[in-house]
Structures are given as structure tokens and as C-alpha cells.
Amino acid sequence: MKAIASAPAKIILAGEHFVVYGEPAIVMAIDCYAKVSVKDRNDNVIHIASNLGFSGSFKGNRFQPDHGGLGAHKILEPIRIASQTALKELKEESGLNIVIKSEIPVAAGLGSSGALAVATVAAVGKFFGVNFTKEKIVNLSFEAERFVHGKPSGIDQAISTNGGIIVYKKNQGITPIKVKKKIPLIIGNTGELRSTGDLVKAVKIKRDRFPKIIDPLIKTAGHLTTKAIKTLKSGDLTKFGELMNINHGLLSAIGVSNKTLDNFVHVAIEAGALGAKLTGAGGGGCMIALSPLKKRKKIAKAIKNAGGTPIISSKVDEGVKSWIQK
Ligand code: MEV
């Protein structure tokens, strides 16, 4: 018997980075999943196999890679942390065989590590007969996210656990929001890998150097997100698109956009997007374009011609789920 859990990826519609400084962000779960299966073993080894090109075993603090060399440690360590945090909570001492099958591109701003941590915690709980509450899953997956991102706001675990569209505010948790209209989005993946932790650190350095300039931008981003929440609730996609463009400008101002992202944003708007912005930590990774159905093909083609991979994705209302397979 094994336990399986799946958790969705995410895109941030407004407020990334500024959320680290206490402002609200809007984030949506999308139909792209990380799946984790868990089974016990009768030694103390945690073995992790994955479709990400990495696998290996942890025995105490020692890591032995099977695939991916020593680089595998960086990718698999957060899964080990998530599984051992869950074991500790359950007061279980057991080795584990963990198998990861993830559709979420790594280091692309779509919350791959958050979804993996959340699914790991839920699967370990399920295997030992416990359905952790959502709040517990978010808390237990935090340690793993800290390993990956340094000082994350917690937004990625929150959305992968809850699904749907939520407003996230650090230390205040989540508020699900109902949006009347579908939000027709195209994701443009630059294929440029980057580290969320490094980008969050770079913003902090900029803020420390120029507090009087950066702090008002953070406040402005907070007002923008508050307006964007109202706009989404009312279904005014044209106005929401305009706010996305301003949001991208604010992210550029704090230094987290790059040439490729700026280019994708411009070509998407030229091709008829109502608005576009980078999503997630920036510095590469992905952008999103608000794409009316009639313009969808043209926008996807424009992103492709600019060198990106367009991904058409939809909102999913369900967050993490777990089940037993005999
Ligand atoms: C990463 O998905 C979003 C950031 O705001 C970092 C965080 O909130 O932890 C860039």
C-alpha cells in the first residue's frame, strides 16, 4: 500500500515580492500538478526518486545520489525536510520511499518547490492514517520552503494547499475570492532558470540602499493589489489588464524583470493581450498575459516567435488532495 498526494502549481496575478513586505498578493492555482507517492521502508533511509532527473538516498545527514550527481542534493533536500517534518509531527520513526512525478517546470516561478513540499507532507500524513488540516500542511511545509527560498512569504504553500484564487497576506493567511468571469491567461515561459531566494535577497538589498524610494513602491503595489481584487470581483478584465501592466512596471523598478520578460510582455500586448506581467520571482521564469479568447492564438504565437514557450492554463479550485493506493 502507498499514499499519493497531488498539489497544483500557481501563478501570481498581482503583488509578488511586495507580499514579502506585508502587502497583499493575489494568487491562483493552475492545472499543472506535482504528485508525490510515499511508502514506508524498514530502515531509516529516505529514498527519493523523481522524474526531474535526480534521485538519491538520505541516511541521517549523509546523501548518496543515484542520478544527477551532487546537484541532486539541492533539489531533493527540501523533499527530505518536508517528509521528516511530517514524520516528526506524527511521532513516527520510519524510512520512506518517495516517488515524485511533477509536471511543473522547476525554477520557473510556478511554485514547483511549494507544490512538492505540500504534496509530500500530505502524502506522509495520509500514509500514517492522518489527514492533516490545510493549516497544518501549510505550516509543516514551511521549513522546506525556507531551505529553497531563504525568507519566503508563505504564498506558494498557501495556494498549493488551498487551490482556487486567494488573497494572501503574510502572517494573516488567506482569503479565498470569488471571481465571476474566467481569467483567460497564457503563460510565457522564458526557459531561463533563476533562484527565488536570490531575487528576494536582491530586492532587500535595494530596499536597504534606497528605503525612501522603494518603500513607497511597496505601498503603491499594496494599493494596486487592493484595486485589482475589487476589479477581479467585478469582472472588469480590461481594467485588470491595465493594473497588470502597472504591476509589471513596479516589478521592473525593484529590479526583478529582465530583457526577455520585458520583451514577452511587450509582444503579448502588441498581439492583443489586455495586460501582461512577469509572475513569481522574475529574473527569468514566466510571465502571464491576459488573453481574450479571440486573441489567444496570436498572443501564443507572438510569445513563441520571441523565443518562449506559451502554456495555456486554467484555474483549479481544488488544492492538495491525497489518497491511498493498494
Ligand atoms: C514567489 O512565488 C513569490 C515571491 O513573492 C517570494 C515570496 O513571496 O516568498 C517572489
Side-chain angles (χ1 to χ4, degrees), residues 7-30 32 34 78 81-82 102 104-118 138-139 141-163 165-175 185 187-190 192-207 214 217-222 224-225 228 244 247-248 250-258 261 277-288 311 313 319:
K10 64 87 176 52
I11 50 180
I12 296 182
L13 297 171
E16 55 273 88
H17 282 289
F18 306 108
V19 69
V20 173
Y21 298 93
E23 297 300 336
I26 314 171
V27 57
M28 176 170 108
I30 56 168
C32 178
I81 296 173
S102 182
I104 311 173
V106 176
L110 301 181
S112 151
S113 60
L116 280 170
V118 160
V138 170
N139 290 338
S141 48
F142 204 73
E143 207 50 51
E145 278 291 87
R146 232 193 315 254
F147 174 84
V148 185
H149 297 319
K151 282 195 176 147
S153 64
I155 191 170
D156 290 10
Q157 308 100 281
I159 190 63
S160 281
T161 303
N162 285 280
I165 302 180
I166 64 172
V167 175
Y168 182 81
K169 219 171 166 187
K170 200 170 148 183
N171 303 328
Q172 286 185 25
I174 67 149
T175 312
L185 288 165
I187 299 171
N189 190 353
T190 63
E192 295 168 359
L193 308 183
R194 76 302 166 276
S195 149
T196 297
D198 289 350
L199 285 147
V200 169
K201 236 184 265 163
V203 173
K204 183 181 177 307
I205 292 169
K206 195 157 287 204
R207 185 188 181 219
I214 302 298
L217 295 179
I218 294 172
K219 281 275 163 281
T220 301
L224 184 145
T225 300
M244 285 173 78
N247 196 164
H248 184 75
L250 291 173
L251 289 162
S252 274
I254 60 166
V256 296
S257 190
N258 73 2
L261 286 165
K277 63 180 275 293
L278 71 83
T279 188
C286 292
M287 50 74 74
I288 50 175
I311 307 166
S313 69

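Heavy-atom basis, side chains included; hydrogens, waters and symmetry copies ignored. Just so you know, these numbers come straight off a predicted model, no measurement behind them. One-based numbering, in listed order, for ligands and for the atoms of each.
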Task: 4.5 Å side-chain heavy-atom contact, Arg194 and Thr196 - done: yes
TODO: With a 4.0 angstrom cut-off on heavy atoms, strictly below it, pick out the residues next to ligand 1 and order them by chain and number.
DONE: Lys10, Ile12, Glu16, His17, Val19, Val20, Pro152, Ser153, Ile155, Asp156, Val200, Ala281
Task: Leu251 side chain reached by His17 side chain, heavy atoms, under 4.5 Å - done: yes
Task: Any Tyr21 side-chain heavy atom under 4.5 Å of Lys219 side chain - done: no
Task: Closest non-hydrogen atom pair between Ala9 and Leu110, with its separation - done: CB-O, 3.3 Å
Task: Smallest separation among heavy atoms of Ala115 and Ala34, with atom names - done: CB-CB, 4.0 Å
TODO: Sort and list the pairs that fulfil salt bridge (charged side-chain N to carboxylate O under 4.0 Å, His left out) and have at least one residue in residues 149-158, not counting sequence neighbours.
DONE: Lys10-Asp156
